[in-house]
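All values below were derived from every heavy atom in this structure, side-chain atoms included, with hydrogens, water molecules and symmetry-related copies excluded.
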Amino acid sequence: LDDARLPASMGTASGPEDRAHRALDLASALDQLSRVSPRLREVVRLRFEVGFTVGQVSAALNVPRRTIERDLAKARWLLGELLQTSAPLD
């Protein structure tokens, strides 16, 4: 994931060590997200790792576009909480 695609709560890293820590934090948060909601994790994967548009994610998962938009908003919130607290949500 590049910085332009990360949740707003991630901020900008100032150096390689900061980026490495952020990457580990994000990987941990995504792992926790998949335990809380595998579908939200899949939506995030398709949107930000694969690079699908919201419409493409909607088509791939066969769910309405508005549902994908809500899922992304919820996933961003959950990831933000996980990244701020470093506490598991499950």
Side-chain angles (χ1 to χ4, degrees):
L1 296 175
D2 62 29
D3 283 348
R5 293 182 173 190
L6 294 174
S9 63
M10 289 290 294
T12 302
S14 60
E17 264 186 48
D18 290 336
R19 283 192 295 275
H21 286 286
R22 283 183 37 213
L24 289 173
D25 290 346
L26 181 59
S28 175
L30 289 169
D31 184 51
Q32 291 179 49
L33 179 64
S34 65
R35 287 193 300 267
V36 172
S37 174
R39 188 175 99 190
L40 289 182
R41 176 60 180 105
E42 182 64 3
V43 168
V44 169
R45 186 187 76 77
L46 291 173
R47 178 68 182 101
F48 296 104
E49 294 173 22
V50 176
F52 280 6
T53 65
V54 172
Q56 290 170 321
V57 175
S58 171
L61 298 179
N62 197 31
V63 296
R65 180 184 179 96
R66 183 66 187 125
T67 300
I68 297 302
E69 291 168 350
R70 281 190 297 268
D71 285 350
L72 286 169
K74 183 175 183 180
R76 281 186 188 110
W77 179 82
L78 285 169
L79 287 170
E81 290 296 308
L82 289 166
L83 291 167
Q84 286 178 5
T85 64
S86 298
L89 291 179
D90 58 351

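We find the CG-CG distance between D71 and L46 to be 11.5 Å, quoted to the nearest 0.5 Å. The OG atom of S28 sits 10.5 Å away from atom CG of L79, with the distance rounded to the nearest 0.5 Å. To the nearest 0.5 Å, atom CZ of residue R39 and atom NZ of residue K74 are 9.0 Å apart. With values rounded to the nearest 0.5 angstrom, L78 atom CG is found 6.5 Å from L40 atom CG. Atoms CG and CG, on L83 and L30 in that order, are 8.0 Å from each other to the nearest 0.5 Å.
Annotation: salt bridge (Lys or Arg N to Asp or Glu O under 4.0 Å) contacts of R70 (sequence neighbours excluded): none.
Using a 4.0 Å cut-off between a side-chain N of Lys or Arg and a carboxylate O of Asp or Glu, R45 and E42 qualify as a salt bridge. Using a 4.0 Å cut-off between charged nitrogen and carboxylate oxygen, R47 and E69 do not count as a salt-bridge pair.
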Result block: side-chain N/O donor-acceptor pairs under 3.5 angstrom for residues 51-59, not counting sequence neighbours:
unit_1, atom_1, unit_2, atom_2, d
T53, OG1, G55, N, 3.4
T53, OG1, Q56, N, 3.0
T53, OG1, Q56, OE1, 3.4
Q56, OE1, T53, N, 2.8
S58, OG, V63, O, 2.4
S58, OG, R65, N, 3.3

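The heavy-atom pair separating L82 from A29 by the smallest distance is CD1-O, 3.5 Å.
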